[in-house]
Amino acid sequence: MIIVESPTKVRTLSRFLGGRYQVASSSGHIRDLPKSTLGVDIAEGFRPRYRVLPDKQRVVRDLEKAAQKASRVFLASDPDREGEAIAWHIAQTLKLADADRIEFNEITPEAVERALAHPRKLDMARVDAYHARRVLDRLVGYELSPLLWRKVHRRGLSGGRVQSVALRLICEREREIQAFEAQEYWTIEAELTPKTARASFPAVMPFTKATRMDIGSEGEARSIVDEVRGAEWRVQSVRKAERKRWPRPPLITSTLQRAASARYGFSSQRTMTIAQSLYEGKDLGGGEASGLITYMRTDSVRVAQSAQEAAREYLAERFGPEYVPEKPPAYRTRRGAQDAHEAIRPTLVTRTPESVAPFLTADELKLYRLIWEAFLASQMPPAVLDTVTVDIAAGPRVFRASGYRVRFPGYMALQPERAPAPSSEKRAEAEPEDEAEENGAEHPLPELEEGQVLELVSVEPSQHFTQPPPRYTEAALISALEERGIGRPSTYAPTVEVIKARRYALIEDKRFRPTPLGFAVNDLLVQHFPDVVNAEFTAKMEGQLDAIEEEGAAWERIVAEFWGPFETTLKRAQEEMQDVRLEPEKVGRDCPECGAPLVLRHGRFGEFVGCSAYPECSFIEREAEAEQPTDEICEKCGRPMVRKRGRFGFFLGCSGYPECQNIRKPDRKPAQPTDIPCPNEGCDGHLVLRQARRGNSFYGCSRYPKCRFTSSKKPVGRKCPKCGEQLVQAGTDEEPTGVECSARGCDYQESAEAS
């Protein structure tokens with residue numbers, strides 16, 4: 001028996017392995033700390049009290065029955081710390097003392113067979129590192145969150161080790177922008193031509209970044225223009241050089257998210273969801289699903305030798321032997337990385353984007369092309385450029401002209417746009433790599449010689465202003481966290497999503513703008529919990545968590561060293577932290593009843609939009625999401641689409657209404673398979689979580705339309721002892737409260753503990 005964590009993997013592995021193995025899924029974690037209590041026994045050495053999740057009771061029972069029939073059990077969850085924890089939870093719950101652990105970096109027949117031939121025991125150092133991270137996050141979250149609720153007078157707030165540092169970066173960047181004072185500067189560009197040629201070329205003054213702000217006023221710029229118009233323009237020096245432009249390393253989690261954001265505008269969460277589907281496998285028309293990429297949560301740029309050899313063979317066949325470097329490129333993984341897995345690459349380089357296009361969605365194809373191109377480009381030689389830099393004297397003034405020509409395209413033959421995106425926020429502004437390319441284009445300058453006299457075609461001054469640092473995009477924020485050693489590949493996307501979900505920052509023009517709530521929470525944490533939001537402290541803590549896994553350090557000691565000072569700080573903050581009452585946030589629309597601005601309010605049941613003139617005007621909207629901006633663009637007029645609510649649920653409408661009346665339905669969420677058998681007698685299907693046209697979710701049979709079973713609540717696989725109808729989960733998927741009967745008029749219920 002092989003137990004994986006994803007239902008999609010079940011189908012893929014079952015096709016690989018035939019009838020030799022039974023493959024089952026745990027559908028993620030089967031145990032976790034309870035949501036209603038702290039779940040950590042501090043007095044007993046910070047012992048975590050894990051419990052089986054309420055919605056996994058049936059999964060556990062099915063796994064237990066299947067494991068009893070199996071001669072051997074392999075735990076095959078994802079090959080990282082979280083996957084090791086899932087495997088450990090399964091082994092503990094099913095009492096599998098002799099279970100074998102296998103892991104594979106890619107879901108291909110060869111990789112799976114190789115893993116089965118080399119099983120190992122559970123890596124308890126990884127599990128201990130998971131315990132430490134989970135306990136630390138629970139202690140910080142469950143102690144900070146209620147304090148913030150009380151002091152900010154708003155439920156649903158949260159604080160965390162990585163999340164709070166990310167919020168601090170966003171807020172500090174916004175304050176830099178607010179404090180920024182633009183400075184004026186001028187540049188002067190001349191259009192010149194040799195007397196013996198007709199082609200002209202540009203030259204700029206000043207020509208270095210160090211002197212770019214020397215001309216600070218229009219008067220000074222005009223004076224220089226008048227001065228050089230009557231001067232003789234003569235070539236002062238000509239410098240020719242050969243430069244190499246190197247390909248970037250293959251993708252890792254953070255660079256994948258940055259590249260997908262830069263090229264396609266994907267959010268980090270969207271990128272990882274698509275990558276997961278490519279990793280778990282797609283049916284490419286032969287009836288068998290196969291993984292298209294290697295594991296997508298990695299911080300290593302290391303590549304397997306077999307993959308490099310396959311890439312070299314493909315490049316030689318497609319481009320020629322000159323596009324294969326003498327030695328396979330070797331890239332250096334950044335300091336502090338776990339280096340547990342390979343870089344993200346295609347499982348087969350011969351599986352081109354064009355060959356898999358018919359079997360992938362548009363988004364899947366975009367991301368696969370990005371990964372495929374980045375990997376192959378990383379295995380190619382550098383581009384060779386012939387550059388020329390010419391200094392030109394105009395009286396006492398010096399101008400500079402630069403140009404280049406591609407002598408050998410190297411990796412640029414495959415990747416001319418230099419994707420993926422730049423690897424740091426500093427380079428996100430796409431500054432050129434050398435001064436010969438700064439003002440040049442992809443063509444050479446005319447042949448020029450020292451002392452040659454040039455003719456002036458035109459000379460004009462241009463006004464500029466220094467710009468404040470840009471707000472963080474999702475990609476830039478992830479880059480900043482990675483460069484500071486904060487968080488790990490599996491935490492980047494969830495961290496970004498929490499900041500957006502808590503409304504600590506809004507996305508405007510694809511960049512984070514902190515809200516007053518975000519500023520308030522950040523300021524309280526910076527004042528009273530400086531260590532929690534300190535980047536260096538958090539990075540050091542990440543290093544200690546890694547030391548547990550790599551060196552076997554005692555996780556209880558590391559947690560205790562953190563908890564002592566944190567508990568003291570917490571008690572002091574409970575006494576000294578001042579209450580903060582925020583003004584309601586305006587939503588940019590007026591009340592239809594009295595004309596006062598509408599504001600976002602917070603009630604017992606969450607956010608809603610109401611009139612700012614309350615209590616004189618009591619107007620409220622049914623939903624806080626009555627109209628929210630989106631990243632979608634109207635295909636008719638090009639303006640942004642907004643999310644609205646109508647009689648039949650949510651829809652996307654043009655923000656240019658009523659001039660443009662374009663509307664369309666938002667994309668539905670993809671169906672999510674479950675391991676719950678269909679309750680209808682005689683049906684061998686399983687339930688699938690689907691999204692209806694009006695936006696609500698429901699459970700339906702996978703054999704639809706042959707079986708038309710549906711339920712708005714999750715069936716638990718048992719029948720009511722009172723009336724015989726199906727029992728369903730009470731509460732929500734996030735916070736189940738027990739079990740209840742699905743029949744109207746039947747009051748049978750079970751509490752979460754009893755069920």
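Quick note: numbers below take in every heavy atom, side chains included, and nothing from hydrogens, waters or symmetry partners. Remember, it's a predicted structure, so these values are computed and weren't measured experimentally.
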Worksheet item: Take atom NZ in K719; do more than 12 heavy atoms of anything else shown fall under 6.0 Å from it?
Response: no
Worksheet item: Between H29 and Y50, does any side-chain donor sit less than 3.5 Å from a side-chain acceptor?
Response: no
Fill in: Short side-chain donor-acceptor distance under 3.5 Å, Y295 and D80
yes
Item to complete: Check R51 against P34 and note the closest heavy-atom contact, atom names and distance.
Response: CD-CB, 3.5 Å
Item to complete: Among residues two or more places apart or on two chains, list those pairs meeting salt bridge (Lys or Arg N to Asp or Glu O under 4.0 Å) that have a residue in residues 16-29.
Response: R20-E113
Practice prompt. Answer yes if the side chains of Q276 and R297 hold a donor-acceptor pair under 3.5 Å, and no otherwise.
Written response: yes
Fill in: N/O donor-acceptor pair under 3.5 Å between T271 side chain and S267 backbone
yes
Practice prompt. Kindly assign one of parallel, tilted or perpendicular to the pair Y130 and H89, based on the angle between their ring planes and the thresholds 30° and 60°.
Written response: perpendicular
Worksheet entry | Main-chain N/O of H686 paired with S702 side-chain donor or acceptor, under 3.5 Å | yes
Discussion item. In the structure I gave you, are the side-chain heavy atoms of E497 and Q269 within less than 4.5 Å of one another anywhere?
Written reply: yes
Item to complete: Check whether any side-chain heavy atom of K282 sits under 4.5 Å from a side-chain heavy atom of L292, and report yes or no.
Response: yes
Worksheet, complete the sentence: The side chain to side chain contact (heavy atoms under 4.5 Å, CB included) partners of R120 (sequence neighbours excluded) come to E84, R101, E103, D123, R126
Worksheet item: Angle class for the F562/F566 ring planes (parallel below 30°, perpendicular above 60°, tilted otherwise)?
Response: parallel
Practice prompt. To the nearest 0.5 Å, tell me how far Y368 OH sits from I293 CD1.
Written response: 9.5 Å
Discussion item. Using a 3.5 Å distance criterion without hydrogens, assess whether the side chain of T12 forms a donor-acceptor pair with backbone atoms of E280.
Written reply: yes
Fill in: S711 side chain vs K714 backbone, donor-acceptor pair below 3.5 Å
no
Discussion item. Testing the 3.5 Å rule here: is there a donor-acceptor pair between the side chains of E482 and S254?
Written reply: yes
Discussion item. Given 3.5 Å as the limit, does a donor-acceptor pair link the side chain of S77 with the main chain of G83, or not?
Written reply: yes
Discussion item. Is it true that E5 and S26 share a donor-acceptor pair across their side chains at a distance under 3.5 Å?
Written reply: no
Worksheet entry | T298 side chain vs E342 backbone, donor-acceptor pair below 3.5 Å | yes
Worksheet item: Quick check: does any side chain N or O of T294 sit under 3.5 Å from a backbone N or O of R345, one acting as donor and the other as acceptor?
Response: yes
